[in-house]
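Quantities reported herein were computed from a predicted structural model and do not represent experimental measurements. Counting begins at 1 with the first residue of the sequence.
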Amino acid sequence: MLAATDFIKTWWLVMLLSAIGLVALFVVWTKSAAGKPLWHRAQLRLPFAGPVLQASFHSQFLETLASLTLGGLPLLKGMDLATGVSSNLYIRKELVRAVDLVRDGGSLSRALERTSLFPVNLLEMVRIGEHTGELGDSLRRAADRCARELGKKLERAVAMMQPLIILLMAGLVGIMAYTMISVVFETMNAVRSR
């Protein structure tokens, strides 16, 4: 522990500048044309945020498409408009592919299945809506289900973050206690050496 403290005391500026440089490079990469789509795809796979982002997208997309379909807008025009609900470039690219598949004569459920953005249970609800001729109502029910699922995932994410916050606070308290004890220890050694 003393060796680690000496290392940090000696190289703290280099470590700080390296960390700042890495963060700056990461931010620049996520804003670049090549990095932004990759970062948006990676966001959907993050441990706590990924499931919440996916559930939020499902709810918004299906609710928007249901409202537009029930309002009498043709499916293709509704899909074009609903594609804009997400700011995630990866999701938009996949939805544009789905719109193209529907434009070529495919069913909505099959097109959404090809994107791999939607879980099977939502795809089944859309498929049932297509077969019964009540697509708008089916989309609305799927959106309501997604909204409930989003609430559950948010609760889970918050519950999972509480232990992390406690560990972070314990670490900070431990570092402060170690710093205080090491100062007292060094002071006592300096007094004894005189």
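Each of V184 and M176 belongs to its own hydrophobic cluster when Ile, Leu, Val, Met, Phe, Trp and Tyr are linked at side-chain heavy-atom distances under 4.5 angstrom. Note on F61: it does not cluster hydrophobically with L68, by side-chain heavy-atom contacts below 4.5 Å among ILVMFWY residues. The same ILVMFWY cluster, assembled from side-chain heavy atoms under 4.5 Å apart, contains both L75 and L123. L44 is not connected to L38 by any chain of hydrophobic side-chain contacts under 4.5 Å among Ile, Leu, Val, Met, Phe, Trp and Tyr, and they are in different clusters. The hydrophobic clustering, which links ILVMFWY residues whose side-chain heavy atoms are closer than 4.5 Å, places L89 and L53 apart.
With rounding to the nearest 0.5 angstrom, the CD atom of Q162 is 12.0 Å from the CG atom of L167. The distance from the CD1 atom of I165 to the CE atom of M160 is 12.5 Å, given to the nearest 0.5 Å. Of the inter-residue distances, the one linking R103 atom CZ with D100 atom CG reads 5.5 Å to the nearest 0.5 angstrom. To the nearest 0.5 Å, the span separating CD1 on I91 from NZ on K93 amounts to 12.0 Å. Note that the OG atom of S59 and the CG atom of D144 stand 8.0 Å from one another [nearest 0.5 Å]. Distance check, rounded to the nearest 0.5 Å: CE of M169 to CG of L164 gives 13.5 Å.
The backbone N or O of A55 sits nowhere less than 3.5 Å from a side-chain atom of E149 that would complete a donor-acceptor pair. Proximity of a side-chain donor or acceptor of T69 to a complementary backbone N or O of L65 within less than 3.5 Å is detected.
K152 and E155 are not joined by a salt bridge, as no carboxylate oxygen comes within less than 4.0 angstrom of a charged side-chain nitrogen. Note on R114 versus E94: no salt bridge recorded, every NZ/NE/NH1/NH2 to OD/OE distance being 4.0 Å or above. Salt-bridge annotation for D137 and R140: absent, with no side-chain N of the basic residue lying under 4.0 Å from a carboxylate O of the acidic one.
In R127, the CZ atom is crowded: over 12 heavy atoms of neighbouring residues, nucleotides or ligands sit closer than 6.0 Å. Within a 6.0 Å sphere centred on CH2 of W29, other residues, nucleotides and ligands contribute more than 12 heavy atoms.
L150 is not listed as a side-chain neighbour of C146, based on a closest heavy-atom distance of 4.5 Å or more. Using a 4.5 Å cut-off on side-chain heavy atoms (C-beta onward), T30 and K36 make no contact. Side-chain contact between E63 and Q60 is absent, with no heavy atoms from C-beta onward closer than 4.5 Å. T132 places none of its side-chain heavy atoms less than 4.5 Å from the side chain of S138. In this structure, the side chains of E124 and V120 come closer than 4.5 Å at one or more pairs of heavy atoms. At a threshold of 4.5 Å between non-hydrogen side-chain atoms, the residues Q54 and P119 do not count as touching. In this structure, L135 and L108 have side chains that are in contact, with non-hydrogen atoms separated by less than 4.5 Å. The closest side-chain heavy-atom distance from H58 to L122 is below 4.5 Å.
Checked against a 6.0 Å centroid threshold, the rings of F118 and F57 count as neighbours. When ring centroids are compared, Y90 and W39 stay outside the 6.0 Å threshold.
Taking all atoms of both residues into account, the shortest heavy-atom contact from A66 to G136 is CB-O, 3.7 Å. When every heavy atom of V183 is checked against every heavy atom of T187, the shortest pair comes out as O-OG1, 2.7 Å. Across all their heavy atoms, T83 and R92 have their closest contact at O-CG, 3.7 Å. Of all the heavy atoms in G35 and S32, the pair that sits closest is N-OG, 3.0 Å. Contact between S109 and E130 at its shortest, heavy atoms only, is OG-OE1, 2.8 Å. Smallest separation of non-hydrogen atoms from S107 and V102: O-CG2, 4.0 Å.
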Taking it one step at a time, do L73 and L81 satisfy side chain to side chain contact (heavy atoms under 4.5 Å, CB included)? CA-CA 10 Å; L73 203 64; L81 293 172; 3.6 Å; yes

Checking side chain to side chain contact (heavy atoms under 4.5 Å, CB included) for the pair Q43/N88: CA distance, chi angles, key distance, verdict? CA-CA 9 Å; Q43 286 176 350; N88 189 303; 3.9 Å; yes

